[in-house]
4 protein chains.
Amino acid sequence: MARPRSEDKRQALLAAAVRVITSRGLGAPTARIAQEAGVSNGTLFLYFPTKAALFNELYLDLKSAMSSASLANLPREAALKLQLEHLWSGWLGWAAAHPEERRALELLGVSDDLTAEVRQKGHELMTEVAVLLDRSRQGGPLTDAPLAYVMALMNAVAETTIGFLQADPEAAADHQRRGFEALWRLVA
Amino acid sequence: MARPRSEDKRQALLAAAVRVITSRGLGAPTARIAQEAGVSNGTLFLYFPTKAALFNELYLDLKSAMSSASLANLPREAALKLQLEHLWSGWLGWAAAHPEERRALELLGVSDDLTAEVRQKGHELMTEVAVLLDRSRQGGPLTDAPLAYVMALMNAVAETTIGFLQADPEAAADHQRRGFEALWRLVA
Amino acid sequence: MARPRSEDKRQALLAAAVRVITSRGLGAPTARIAQEAGVSNGTLFLYFPTKAALFNELYLDLKSAMSSASLANLPREAALKLQLEHLWSGWLGWAAAHPEERRALELLGVSDDLTAEVRQKGHELMTEVAVLLDRSRQGGPLTDAPLAYVMALMNAVAETTIGFLQADPEAAADHQRRGFEALWRLVA
Amino acid sequence: MARPRSEDKRQALLAAAVRVITSRGLGAPTARIAQEAGVSNGTLFLYFPTKAALFNELYLDLKSAMSSASLANLPREAALKLQLEHLWSGWLGWAAAHPEERRALELLGVSDDLTAEVRQKGHELMTEVAVLLDRSRQGGPLTDAPLAYVMALMNAVAETTIGFLQADPEAAADHQRRGFEALWRLVA
DNA sequence: CATGAATGAGCGTTCATTCAT
DNA sequence: GATGAATGAACGCTCATTCAT
């Protein structure tokens, strides 16, 4: 199926989906997403074959944005701890700046209609992060654990921290620091 | 006079809900839950006024089961680390033994129709756990963090570990130990 | 089917039906009627085989009460106009004193589940009224019309008048008099 | 672009509602109305947001048709009695020609889900009729009665007459004349 | 007899998806 | 390509009626 022309509409639909998912959950009608994007309900199905397909694409979109934000300007020559801290800061910064995207990502993550394949691709988007984490844990207490487990742990600590960060923006810096130190204690 | 309302049926409905939610998600039809429980669809609404009410009750039920399993036979005179390890083991043991309940709990936890009040009651079920964790972190690096944050961290590490535990039962003991050590590094 | 014992419960159910129909319409659940009568839902079906049967019986009950009130203490030796006026006053008095019964009667009257047979019996309850009306119209402009038509006209004028009487109790006496004069102009 | 909403289907739905209401009462399923109109059940809700909304619109539709038929070709320069007789004839003629619409109107009139606002609009549709009736009763016995009461009386006589008219079409002309004379005796 | 738990057909309404324009 | 009308399966919930206690 050749991709329809307007990249603008595609993006508008994805952005609308984020807003609608945040406010109404995954059960929100596609018609509402289309409306929010300023196109007709039929048009949504011109850009995405099914609602589930839209969700899958959105998941990758958001995951990719999050990953990019984490890796932007990574000081690849600096000490590992500094690199990891930079990554941490990029990650949490993105989350703090995009609460709706974060919430949508969270909901999509547990959704039934997320394909195994897409979930896999989502992991691949984190490859570079995984590499850095892998290097960081060398010699540490989790050296022998599956890397996926260590990644999942980092993810869990990040999600938890982000939740508190968003609930109490005043103490955001404190939480960010505390979260990183906790992470560092875990791996190093 | 007249048949009394059957506690068995209540429990059958809750148990059926767990199975159906696990396999079909929260969007599963109430009719399917009733069928799975061996009663008519109308009967479900005799025991629970709405689908949401069923979900709310189920959430507390599962949370309570999980909490009980964690606290059973807690050696209250032993060293804190030992107590926490016991709790950890009870928790993960329950999760390993009840994968469907775990999955249902996870889905219910993010559900829109979970009442704030029920969420609150869910936290209260964990009070004793929180107290133990609070004592464990005294003097440690998270002494000054909000207790809720520390609880959330423990929860995140537990959930993550459980996920791997269920995916690879062979290495369950390893994961359980590694998870606990990670937790202990976080708080103590 | 032998009639169950307690005439009290029967009456309680009929009275409850009046109240419930008035406030919730004919679509009101039988369970609500039973509750209002202070018996269990099952018991209602011990006294009336179906909801429709209850409605049919109630219709006759109310029609009969209305007819009795109209005919009470009729001065059978007085002039026809006086007798008719007495009847009119009894009728409207009953309606004014029993607004709920009146409303229920009105709703039942247009209901689908009123049997033709019961409707017929309802007419028979008005036989004595019809006789008086028949004598009153002799020699008047409606002498040649079917008596049923004249009865229906009287009924229509009465219903209309009662409606206004209930809406504006202050002017009740005025309306009652005006209504009677209108009726008399119609028939005599 | 896209097919426009079809006025035909709207009308088909309203007409179908008349037929279905006549045969099954107001409790008739919306699905049946849709089927009778030759559209899918979902389509009904594209044209009317709820079943009640459909009923409200239908009520106004029918009331308006009845009013138009009554006022068509009114000889506004003729004597009042002639004008009223013309109106009477138009009214009863419409009713005789549209027995199903008449029955539907009757049922809708006592329905619970008729809005106060719509009821009010229904009265407004009869304004011109009311004006003519008001002029007719001047100097007569009902000069001092509320006009609404006089209207209601006329309506009651009309409804009653229509009932007999439909039951015995042979004698329709007789009934129509008798009914008008009765009305005239009431007001003039 | 009385109770109220149990039943299951039935209803109004929603919504992902298709298709005529 | 874009639109939005059209579709119909599906859902949560109600309620008259039956029947075990």
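In what follows, every chain begins at residue 1, and chains take the letters A, B, ... in the order their sequences are listed. Being a predicted model, the structure only gives us computed values, none of them experimental.
We find that CG of L44(A) is positioned 14 Å from C1' of dT18(E), with the value rounded to whole Å. Put simply, CG on L13(D) is 14 Å from C1' on dT7(F), counting in whole angstrom units. Distance, R10(B) CZ to dA6(E) P: 12 Å, rounded to whole Å. The separation between R3(D) atom CZ and dA5(F) atom P is 9 Å, rounded to whole Å. Remark: P of dG8(F) and CD of Q35(D) are 12 Å apart, rounded to the nearest angstrom. Rounded to whole Å, atom P of dG12(E) lies 13 Å from atom CZ of R32(D).
Closest-nucleotide positions on DNA chain E for L46(B) and K9(C) were compared, and the one nearer the 5' end corresponds to K9(C).
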Protein heavy-atom contacts under 4.0 Å, written 5' to 3' over nucleotides 10-16 of chain F as B (base), S (sugar-phosphate only) or - (none), form the string -SSBBSS

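The side-chain contact (heavy atoms from CB on, under 4.5 Å) search around R119(B) returns L114(B), not counting sequence neighbours.
With L105(D) as reference, M66(D) is the one residue of H98(D), E159(D), M66(D) to meet the side chain to side chain contact (heavy atoms under 4.5 Å, CB included) rule.
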Fill in: Steps toward side chain to side chain donor-acceptor pair (under 3.5 Å) verdict (S67(B), S64(B))
CA-CA 5 Å; S67(B) 155; S64(B) 165; over 6 Å; no

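Of all nucleotides listed (dG8(E), dA2(E), dA5(F)), dG8(E) comes nearest to the side chain of S40(B). Minimum atom distance to the side chain of R5(D) is reached by dA6(F), of the listed dA6(F), dC19(F), dC1(E). Listed nucleotides: dA5(E), dA2(F), dT7(E). Nearest to the side chain of V39(B): dT7(E).
Ionic pairing of D112(C) and R103(D) is present here: one or more N-O contacts between side-chain nitrogen and carboxylate oxygen are shorter than 4.0 angstrom. E124(D) has no carboxylate O lying under 4.0 Å from a charged side-chain N of K121(D), or vice versa, which leaves the two without a salt bridge.
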Per-residue pairing states of DNA chain F in dot-bracket (Watson-Crick or G-U under 3.5 Å; . unpaired, | other strand) read .||||||||||||||||||||

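Side-chain atoms of T115(D) do not come within 3.5 Å of backbone N or O of V118(D) as any donor-acceptor pair. With hydrogens and angles ignored, the 3.5 Å screen pairs a side-chain donor or acceptor of S111(D) with a backbone N or O of D113(D).
Side-chain nitrogen and oxygen atoms of Y47(A) include none within less than 4.0 Å of the OP1 or OP2 phosphate oxygen of dG1(F). Contact annotation: T43(D) side-chain N/O to dT7(F) OP1/OP2 distance is under 4.0 Å.
Residue contacts for F48(B): at a heavy-atom cut-off of 4.0 Å it reaches no nucleic acid atom on any strand shown.
Note that the CD atom of E100(D) and the CG atom of L62(D) stand 11.0 Å from one another [nearest 0.5 Å].
Surrounding CD of E117(B) are at most 12 heavy atoms belonging to other residues, nucleotides or ligands under 6.0 Å away.
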